[in-house]
Amino acid sequence: MQYRTFNRTNEPVSLLGFGTMRLPRLKNGNIDETEAIKMIRTAIDNGVNYVDTAYMYHDGQSEVVTGKALKDGYRKKVLLADKMPAWFAKEEADIEKIFNEQLHRLEDQVIDMYLVHNIDKDIWKKVKEYNVLAFLEKKREEGKIKHIGFSFHDDFDFFKEIVDAYPWEFCQIQLNYMDKDFQAGIKGLDYAASKGLQLIIMEPLKGGKLTDILPESVEKYWAEADIKRTPAEWALRWVADFPEVLTILSGMSTMNQLEENIEILSDALPHSLTEKDHQIINKVSTEYNKLIKYSCTGCRYCMPCPKKIEIPAVINFYNEWFLYNGNDKIKADFKTWIPPKRRPSACISCNACQNHCPQSLPVSTIMGKASEIFE
Ligand SMILES: NC(=O)c1ccc[n+]([C@@H]2O[C@H](COP(=O)([O-])OP(=O)(O)OC[C@H]3O[C@@H](n4cnc5c(N)ncnc54)[C@H](OP(=O)(O)O)[C@@H]3O)[C@@H](O)[C@H]2O)c1
């Protein structure tokens, strides 16, 4: 495993971090706890020392399972990251309630890396209204958290404003070779680094979209490379190439993915991709951008839908329809996997989903278009 140094403490941080937003699931949708614990512990046994969870992942169960995985001596081997979802609070007192609930779920007393979660313009207003930062400083003084950072999903100008608004100790942005100019993007990475902030990267594989859809045109570009790599390897190495990156969170869902990502990040040094590698990656990125209609990463921040529509799955089918030239198999899969009561025609355009989408997707419009194709 490669390690980079956290500039606040000089601690080594593994280049692969474990994101617990996409843990393996059972058929009923609950986390497959046994497998998830095995995966988190295998990661730590192989040198991973950064584990990222949040209040809302897996409807609160991510924190619980992460807490269980970190028992039996594993907790002291990692930096544990968790986040304050200010948008869940209805009044200032809720901030403390949420924080206490997190410690309770994790069965822990200290959170090392604590982030203000998912900052965008609306959430930032709530952070100020409910004095979240003063609360976190108090918790830091009490020793309940060690470092204060933020995760971000808005545009570059607002990113600069947030970086400058507070003496943060680190920050977390979405970055992959398709999103280099999206949200904070590479400009944001450079700006944060110029202010001494190292970057935690989320969605390096665009939530799996850069690995699970491999159109022929993309495959053709990868084949041009001198060294043959899997799509996951290309995407992770692209992020690892930036020395400003402290750790790359991947939300691994299977043991095989974990094993592959450990291996990839065991020798990914900064600036190690060649000029030709970058040219190929740019061609792939342009091709995906042409093919993918709506850039959903399947993060599920839009859920639950009041009409119970399976929003991320519907958007995925919609994208696949175009990626595979309107293949009837996609229609058949839609009918098999999306039960009648969870289909897009139920959308009432309430936009509860849209307000929470980190990618700012026009969800109700997409539901209308998907309904026309599939229903
Ligand atoms: N703070 C925030 O606002 C925020 C937002 C988003 C994420 N996060 C954090 O950042 C973490 C990372 O983001 P992410 O989960 O979107 O990461 P990601 O690495 O972009 O996506 C993870 C998905 O990629 C696929 N994958 C991973 N390794 C693979 C491999 N070797 N080969 C093939 N496919 C592979 C899997 O999808 P399939 O199995 O479906 O193919 C997996 O579920 C999250 O888990 C979460 O902890 C934070």
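Every number for a ligand or one of its atoms is a count from 1 in the order of the listing.
The existence of a salt bridge linking R75 and D112 is confirmed by a sub-4.0 Å separation between a basic side-chain nitrogen and an acidic carboxylate oxygen. A salt bridge is absent between E129 and K126; no separation between the charged side-chain nitrogens and carboxylate oxygens falls under 4.0 Å.
Every pair passing salt bridge (charged side-chain N to carboxylate O under 4.0 Å, His left out) that includes a residue from residues 157-175 is listed here, sequence neighbours excluded: R140-E169, D164-K195.
Sorted by chain then number, the residues whose non-hydrogen atoms approach ligand 1 to under 4.0 Å are G19, T20, M21, R22, D52, Y57, K83, H117, S151, H153, Q172, M202, E203, P204, L205, K206, G207, G208, T211, D212, A232, L249, S250, G251, S253, Q257, E260, N261, Y301.
The cationic group of R105 lies under 6.0 Å from the six-membered ring centre of Y55 and within 45° of the ring axis, placing it in a cation-pi geometry.
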Residue pair T42, D45: steps toward the side-chain hydrogen bond (donor to acceptor under 3.5 Å, both in side chains) verdict: CA-CA 5 Å; T42 302; D45 291 340; 5.4 Å; no

Worked verdict on H278 versus Y177 for ring pair (Phe, Tyr, Trp, His ring centres under 6.0 Å): CA-CA 10 Å; H278 280 292; Y177 64 73; over 10 Å; no

